[in-house]
Every structure is written in C-alpha cells, then in structure tokens.
Amino acid sequence: MFDLSYLIDPVYIATIIIFIIGLQRMSHPLTARSGIIWAGAAMLLATLVTFLTPALSNFALIALGIVIGGGFGYIAAKRVAMTDMPQMVAIYNGMGGGAAAGVAAVHLLGPVHFVTGSLAIVGGLIGAVSFSGSLVAFLKLQGWMRPRPVTFTGQQIVNMAVLALAVISGILVLFQPSWSPIPYTTALWLFFLLSLAFGILMALPIGGADMPVVISMFNAFTGLAVGLDGFSFATPNYAMVIAGIIVGAAGSLLTVLMARAMNRSVRNILFGAFGATEETGVQIQGSMKSVEPDDVAVMLAYADKVIIVPGYGMAVAQAQQKVKELMDQLENRGVLVKFGIHPVAGRMPGHMNVLLAEAGISYDHLFDRDEINPEFQSTDVVLVIGANDVVNPAAHREGSPLFGMPILDVEQAKNVIVLKRGQGRGFAGIENDLFYRDNTRMLYGDAKVSLGTVVQAVKKL
Amino acid sequence: MSDISMFWTAVCIVVLAAFTGYVVISRVPVILHTPLMSGSNFIHGIILIGAMVALGLAITVEQQVIGFLAVILGAANVTGGYVITERILQMFDPGRKRPGKEA
C-alpha cells in the first residue's frame, strides 16, 4: 500500500518554495497581501502533513495544544488595536522562541548524538534568550513595565557572567564529563534557566525608542533557533532549517538597516543604554510658545504646502483618523499635503505607514526622510504630531547623545507646529531645542482632540 | 550517505537559505518593513511542526510536558503571526473599503 508519509517531504519542499514566493510578493504593496495568504496556506498544509510522520503518537495532546495555542493566538491577534501591533509582534516572536527552546529541550532529554546535541544547545540558548527577551520587550511596549532603560553598575559584567555560566552548563550537558559537579538533568535545567535570565538581562537596559531594532533582532534570533532545531531529529527537517535560516538572515539584515537609520551600531543599541546619559553644559535659548487651534487652522488653510510629521504620540492618541480628515479638508482647499516619515518613527519600522494606511491615507502621500528633507525649506507649515527625537536638531550638535542621528530637518520650514501632550521630553529623555525656536509653536493637549478642533476650525474658514 | 557528506549538504542548504533571506529582504521598501517583520515572524512559526514531531515522539512525561508547551507556543506563534500580518497588509490593499468609523 502507498505509504502516506511519502507525502511529507514533497509538501515540505513546496511549503518552502511558497514561503519564498510569499516573501518576494511582500516587496510590493499591491501584491503583499496575496503573499501572506499563500504562505498561510502552505503553513496549514505543512502542519496537516506532519500528522503523517511515521511512529507519531500523542495525537490527542498535539491536537489539544494546537487548539489552545492557535485559539489564543487567533483571538488575541484579532482583538488587538493596530497601534498595539509592535508588542503583539514581540509576544508572538517570543512564543516562537519559547517553542524552539522547548523542542531543543525535548531533544536533549532523549538520547543525544554529539553533533545534533550541540546544535540543540545553541538553538535552545538562542530560543530561550529570544523568549524571555521578547517578553520584556512586550511588557515595556505594553506599558506594564517602565520603558526607560534599567541600568546598574557592573551590568555588562553581570550579563557576560550569566551568559558564560549558561555556556558552561551547556558544555556540561554536551560532554557529560565524569568530573561534572552536577547530574545531567540538573545541568540541563540550569542551562535553560541561565539562558532565560540572560534574555531578560539583555532586554532590560534597552529603552522604548530602541525597541523596533531589538524586536527585529529577537525575530532573527528565533529564526536562527528554529533553523538549528531543524537538525534535532533523526532525519533533519529541512523545512524548518530553510525557513528558520531565511528568517534569521532577513531579520539580521533588517536589524542592521534599522540601526543604520539611527546612525548607531547594533552593538551601541544593545549596550549603550541610550537615554540614561545626559548632555551637560548646553543652554537652550528662547522659550516655548503655545498656540491656539484656531490659529493653527488659519495657518494650515492658507498655506500652499503642508508637511505632516507623525510620531509615536499620534499612535498613542489614536489620532490617525483625524489626521486623514485634516488632510482631506486641506486638499479640498488646494493645499499640497505630504507626510514625512522617519524610518524609526514609532515603535516598529514602518509603524507610521501602517497606521496612516489604516486611516485610509494612500502610500503615495508618504515620503521617506531622504525624499522629504530637501522640501522643508519650501514648506509653509510643518505639523509635528507626537514626534520628538526624530525632529530634534540636537542631532546636528556634537556632544549630544543624539549626535549623528539622521533627522527630519523640520526647523527649516517657515512655521513649525508641534502637537504634544505636555512639556515633557521624548523617549530618549533629551531636551528638544526645536520647541524653543522662533518659528515653532506648541499646541498642547491630546493630539486627537486638538486635531478634531483644528479640523472643525478649518471647515468654518 | 556518510555522515561527512550529510554535514556538507546541511552546510550548503544553510548557506543558500541565508542568501535567499538576504536577497529577498534587501528589495523590500521601508513602508513594508512592519508587515515584513510580522511576516517573517509568522514564517518562523514553522517551529510548530518541529514541536508536533517532538511531542509525537516524546517518551518520558518530562518530554511530553515540554513538547506540549512547545506545541501551544508554536501554534500561537503561527496563528497570531498570520492574523497580524494579514491585518496589517489589509491596510495596504487598495481595493478594500475605507473605514468610515468615527472613534
């Protein structure tokens, strides 16, 4: 009789091909959605065919686990608001890392071959780090933990010591030397506990604004862990290996690209504890001048060209719908409206684009930093909505912690209006002298409420 | 196949996969970085099939408990990653209905 398990490998190969085509299709906005649908179908097929694996048992437990995990994942992902996407990506990524650590642990609890065992150790370490690190990222982004960097003296030494101990216990697991002070399973548990601890320690000193980079990095970690785990079976599971390594490589590239957008190295982001240091000796001249919504409406309505620069504050205030209304009103009056998007605005790369797209603003209105920067000089009004560090001219001043970060040069416009909740600082905790410039006016209050008032005022003009 | 040729096959596959990931991603525009991260988050959800096999072949109670947890986590990764990516990409779909909701 035809053995159904012969289906497994061809289906896995097809899955990989479809994954790659899916990612490929994601490189254009018009085809992107079909890409994920194809990938989803392939994943479903791969999952179903896995039930045909020879000698598989515990079917009920497997099905139960899929129902519990899948049910949770589905409901939570359907319910979450668009603005909370970054932390959801973080938490699901962490779960993938946890699963990878689990698969490695199951392998290491059985009879271990040296080569597959060492791959499982590395995969388990990376997976566990990604799991606990992503959880910390999630807690920080969700606001259940203070997003400021957590630092203490000797932090890097402690972190390195924990990592070293994790590696040592991993070596004990692998070689099981006769002189080992602890039995095999104790070493194994110790290995995983230390790996989890290292993940937490790694994420603690990273501030909220650097989270996009870190989530992307943990994403790459999980991919790598999954790839290595693919080897911990009697015959390597190349679907896992290839998919995992692709994600690992893609995630690493994305991490580097994002770090570059902030003009910082990944190393600096991980160990710099950005925002914990304070620039001294710089006196800011001038004062913050506030403005009323009616005046803003007049300035906008009679302008020729307006550039809107959104930041995380817009996401927090859920103001994107009001931004769209304002854009429509202004365009009806013949005002040219563009959006200037900083690559690291928000808490996720492309975060602003997603939110604006959700509000119905088409992507041909959105411009990258390099595209929009030459245009500020010829702009009548720039509307900065809840962005701070990405428009801070301190980035041009040597000695500032922000020095060298490419910013949006909004201060070159004739008028700058900054929508801000209060007089506080940005995530980086650095005073923004843009707010003190002569051509800057501050519109305090909740961005959604302020914009609503402005829209009404524009309508009346 | 001998162990050593298996080893080099594995290395070859890993290297090619890494290049594929690099090439595919380097062409993606910045505006799609979020869905891309979310999409690759979904793709590493393939750990689910590894977790299924690990649990399916588990012998000791310890292995079964950990395998079960791994299946739960993996399944959450897959479904959550898919739904979120799909929701994000829906926003870019030019044919979709514009939300007229007043929050």
Side-chain angles (χ1 to χ4, degrees), chain A residues 19 23-24 26-27 29 32-33 36 40 46 50 53 56-58 61-62 65-66 68-70 72-74 77-78 88-89 92-93 95-96 98-100 102-103 105-106 109 216 219 222-223 226 229 240 242-247 249-251 253 343 348-351 353-354 357-358 360 363, chain B residues 10 13-14 17-18 20-22 24-28 30-41 43-56 58 62-63 66-86 88-89 91-93 98 103:
Chain A
F19 280 172
L23 281 172
Q24 188 89 51
M26 279 194 194
S27 61
R33 198 176 165 205
I36 185 69
T50 301
T53 305
L56 207 68
S57 60
N58 299 330
L61 268 182
I62 295 175
I66 292 177
I68 295 174
F72 168 81
Y74 183 82
K78 276 278 181 201
M88 292 314 278
V89 173
Y92 289 125
N93 177 53
M95 288 175 162
V103 171
V106 171
L109 282 166
S216 175
N219 197 32
T222 303
V226 170
D229 272 1
M240 283 171 68
I242 297 171
I245 297 296
I246 286 177
V247 173
L253 177 62
M348 206 163 54
H351 194 185
N353 307 75
V354 174
E358 183 197 17
Y363 50 83
Chain B
I13 287 172
V14 167
T20 310
Y22 188 90
V24 168
I25 270 37
S26 55
R27 301 214 315 234
V28 175
V30 176
I31 71 158
L32 286 174
H33 275 178
T34 288
L36 175 77
M37 192 158 78
S38 177
S40 57
N41 183 25
I43 284 179
H44 68 51
I46 197 153
I47 188 64
L48 173 62
I49 68 171
M52 289 168 69
V53 175
L55 173 58
E62 250 174 345
Q63 284 179 317
I66 297 171
F68 183 58
L69 290 176
V71 169
I72 292 180
L73 291 173
N77 180 185
V78 169
T79 51
Y82 179 81
V83 171
I84 286 186
T85 311
E86 217 272 332
I88 295 175
L89 289 176
M91 306 301 162
F92 291 98
D93 199 333
R98 296 298 185 210

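The figures here come from the full heavy-atom set of this structure, side chains too, leaving out hydrogens, waters and symmetry mates. Quantities reported herein were computed from a predicted structural model and do not represent experimental measurements. In what follows, chains are A, B, ... by sequence order, proteins preceding strands, each numbered from 1.
Of all the heavy atoms in A:Met240 and B:Ile46, the pair that sits closest is CG-O, 3.9 Å. The two residues B:Ile47 and A:Gly96 have their closest heavy-atom pair at CG2-O, 4.1 Å. When every heavy atom of B:Glu62 is checked against every heavy atom of A:Leu109, the shortest pair comes out as OE1-CD2, 3.8 Å. The minimum heavy-atom distance between B:Ala75 and A:Gly70, with the atom names listed, is CB-N, 3.5 Å. Nearest heavy atom pair, residue B:Val14 against residue A:Ile245, reads O-CG2, 3.5 Å.
Using a 4.5 Å cut-off between heavy atoms, A:Leu61 contacts chain B through both its backbone and its side chain. Heavy atoms of A:Asp229 lying under 4.5 Å from chain B belong exclusively to its side chain. In this structure, the portion of B:Val78 lying under 4.5 Å from any heavy atom of chain A is its side chain and not its backbone. Heavy-atom distances place the side chain of B:Leu48, and not its backbone, under 4.5 Å from chain A. Both the backbone and the side chain of A:Tyr74 come within contact range of chain B, with heavy atoms under 4.5 Å apart.
The structure places CG of B:Asn77 at 7.5 Å from OG1 of A:Thr222, a figure rounded to the nearest 0.5 Å. Taking CD1 of B:Ile84 as the start and NZ of A:Lys78 as the end, the distance is 11.0 Å to the nearest 0.5 Å. Atom CG of residue A:Asn219 and atom OG of residue B:Ser40 lie 4.0 Å apart, to the nearest 0.5 angstrom. Rounded to the nearest 0.5 angstrom, B:Met52 CE and A:Asn58 CG are separated by 12.0 Å. Taking CE of A:Met95 as the reference point, atom OG1 of B:Thr79 lies at 9.0 Å (rounded to 0.5 Å). In this structure, CG on B:Leu73 lies 10.0 Å from CZ on A:Phe72, to the nearest 0.5 angstrom.
Among A:Ala100, A:Ala105, A:Ala77, the residue making the largest number of heavy-atom pairs under 4.5 Å with chain B is A:Ala77. With chain B as partner, the option from A:Thr50, A:Ile68, A:Ile242 having the largest number of non-hydrogen pairs under 4.5 angstrom is A:Thr50. Counting heavy-atom pairs closer than 4.5 Å to chain A, the top residue among B:Val24, B:Leu69, B:Ile43 is B:Ile43. For chain A, the option among B:Ile13, B:Thr85, B:Thr20 with the highest count of heavy-atom pairs below 4.5 Å is B:Ile13. With respect to chain A, the highest number of heavy-atom pairs below 4.5 Å among B:Ala54, B:Ser26, B:Ala58 belongs to B:Ala54. Ranked by heavy-atom pairs under 4.5 Å with chain A, the list B:Leu36, B:Val83, B:Ile49 is led by B:Ile49. Chosen from A:Ala249, A:Gly223, A:Ala250, the residue pairing most often with chain B at heavy-atom distances under 4.5 Å is A:Ala250.
Side-chain contact between B:Phe68 and A:Val106 is absent, with no heavy atoms from C-beta onward closer than 4.5 Å. At a threshold of 4.5 Å between non-hydrogen side-chain atoms, the residues A:Ile36 and B:Ile88 do not count as touching. Contact of the B:His44 side chain with the A:Ile246 side chain is not registered, since no non-hydrogen atoms from C-beta on lie closer than 4.5 Å.
By the side-chain contact (heavy atoms from CB on, under 4.5 Å) test, A:Leu56 pairs with A:Thr53, A:Phe59, A:Ile62, B:Leu57, sequence neighbours left out.
Side chain of A:Asn93 to backbone of B:Asn41: no donor-acceptor contact under 3.5 angstrom is found.
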Yes or no on side-chain contact (heavy atoms from CB on, under 4.5 Å) for A:Val103 and B:Val53, after CA distance, side-chain angles and deciding distance?
CA-CA 9 Å; A:Val103 171; B:Val53 175; over 6 Å; no

